[in-house]
Amino acid sequence: MIRRSLLALCLAGALSVPAFAQEAPPPAPAAVRVVLETRAGTILVETDPRAPITAANFLRYVDEGRFDGTDFYRGMELGAGTGVVQGGTSNAPDRILPPIAHEPTSQTGLRHVDGALSMARFDPGTADGDFFIIVGNLPGFDAGRAAPDDPGFAVFGRVVEGMDVVRAILAAPKSPTEGEGFMRGQMLDPRVRILSARRAP
């Protein structure tokens, strides 16, 4: 049930998804490191070439500056030391690109373990510019865990350095009223600004 609830991860309270055609971003090169400078500290992440479509999409947002000035806006705590920190474009029309094809973990071999980077979405094939970071191990987000035909979410990388920052964001204060339905109480207040996202030197 918890995994099912993440189908709303791609928005912070919005209920509609733009009807864009999917496009295939350019192929992702080998693992690429990206520095996320946030008001809470620096997070160094690395894409994984086993998810080439999803990794290339993330890098396009980075290279075009589409994450600069966005936020980590959601911290969903699922137990002691376990949860999800979500950030990105939050469906801002001037930032999002067309959604991408879904790369399930059953195809890539990646898993929702501590520090994994994964894409927020509604239905498979609707992911665009929102991503989340796993704190702890959450295998229920992997393909086929809730049901044999469950597509799960698309892992495309991992945190290399800065999990202390991610855990601090997860534990940060939340608004008691913001957020719709089960997301109420999960919205960070204040949000944690992503100052910049750049490929590491």
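This one's a predicted model, so the numbers in the text were calculated from it and none came from an experiment.
Checked by atom type and distance alone, the side chain of T38 pairs as donor or acceptor with a backbone atom of G41 at under 3.5 Å. For the pair T82 (side chain) and L78 (backbone), a donor-acceptor distance under 3.5 Å is absent. In terms of modelled atom types and a separation under 3.5 Å, the side chain of R33 and the main chain of L44 share no donor-acceptor contact. At least one donor-acceptor pair under 3.5 Å links the side chain of D48 to the backbone N or O of R50.
With values rounded to the nearest 0.5 angstrom, S106 atom OG is found 9.5 Å from D150 atom CG. To the nearest 0.5 Å, atoms CD1 (I43) and CG (L36) are separated by 5.5 Å. Here R191 contributes atom CZ and S90 contributes atom OG; the two are 5.5 Å apart, rounded to the nearest 0.5 Å. Here CZ of R39 is found 11.5 Å from CD1 of I194. Values are rounded to the nearest 0.5 Å. Atoms OG and CD, on S118 and E103 in that order, are 11.0 Å from each other to the nearest 0.5 Å. Once rounded to the nearest 0.5 Å, the distance linking CG of N91 with OG1 of T89 reads 6.5 Å.
Linking Ile, Leu, Val, Met, Phe, Trp and Tyr whenever their side-chain heavy atoms come within less than 4.5 Å leaves I133 and L195 in two separate clusters. Criterion: ILVMFWY side-chain heavy atoms under 4.5 Å apart, direct or through other members. Under it, L138 and L110 are not part of a common hydrophobic cluster. Tracing side-chain contacts under 4.5 Å through hydrophobic residues (I, L, V, M, F, W, Y), one reaches M163 starting from V45; they form part of the same cluster.
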Determine, stepwise, if the pair V166 / F72 fulfils side chain to side chain contact (heavy atoms under 4.5 Å, CB included). CA-CA 10 Å; V166 176; F72 282 108; over 6 Å; no
Are L97 and R66 close enough, and set up right, to give a side chain to side chain contact (heavy atoms under 4.5 Å, CB included), and what steps lead you there? CA-CA 9 Å; L97 296 166; R66 293 175 183 269; 3.4 Å; yes
Side chain to side chain contact (heavy atoms under 4.5 Å, CB included) between F132 and H112, intermediate numbers included: CA-CA 10 Å; F132 59 95; H112 287 88; 4.2 Å; yes
Please test D189 against K174 for side chain to side chain contact (heavy atoms under 4.5 Å, CB included), starting from the C-alpha separation and ending with a verdict. CA-CA 5 Å; D189 185 17; K174 318 290 191 305; 5.9 Å; no
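Scanning all heavy atoms of the two residues, the minimum distance from P99 to G125 falls at CB-O, 3.4 Å. Nearest heavy atom pair, residue A55 against residue T47, reads CB-CB, 3.8 Å. Scanning both residues, G88 and T70, for their nearest heavy atoms gives O-CB, 3.2 Å. Between P151 and P104, the closest heavy-atom pair is O-CB, 3.7 Å.
In summary, E180 and R184 do not engage in a salt bridge, as defined by a charged side-chain N under 4.0 Å from a carboxylate O. A salt bridge between D68 and R193 is absent, with no side-chain N of the basic residue lying under 4.0 Å from a carboxylate O of the acidic one. Salt bridge status for R74 with E178: absent, with no side-chain N to carboxylate O gap under 4.0 Å. Salt-bridge annotation for R199 and D63: present, with a side-chain N of the basic residue lying under 4.0 Å from a carboxylate O of the acidic one.
Each of N57, I96, I100 was checked for a side-chain contact (heavy atoms from CB on, under 4.5 Å) with D128, and the lone residue meeting it is I96.
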Anything under 3.5 Å between a donor and an acceptor, one on a side chain of residues 152-161, the other on a protein residue two or more places apart or in another chain? List them.
{"unit_1": "R158", "atom_1": "NH2", "unit_2": "E46", "atom_2": "OE1", "d": "3.4"}

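Within the 4.5 Å cutoff, no side-chain heavy atoms of R111 are placed close to those of I134. Contact of the V84 side chain with the V135 side chain is not registered, since no non-hydrogen atoms from C-beta on lie closer than 4.5 Å. Using a 4.5 Å heavy-atom threshold, the side chains of V32 and L59 count as touching.
Side chains of D130 and Y61: a donor-acceptor N/O pair is absent below 3.5 angstrom, by distance only. Side-chain contact check for E37 and S196: no donor-acceptor pair (N or O, by modelled atom type) lies under 3.5 Å.
A distance below 6.0 Å separates the ring centres of F67 and F131.
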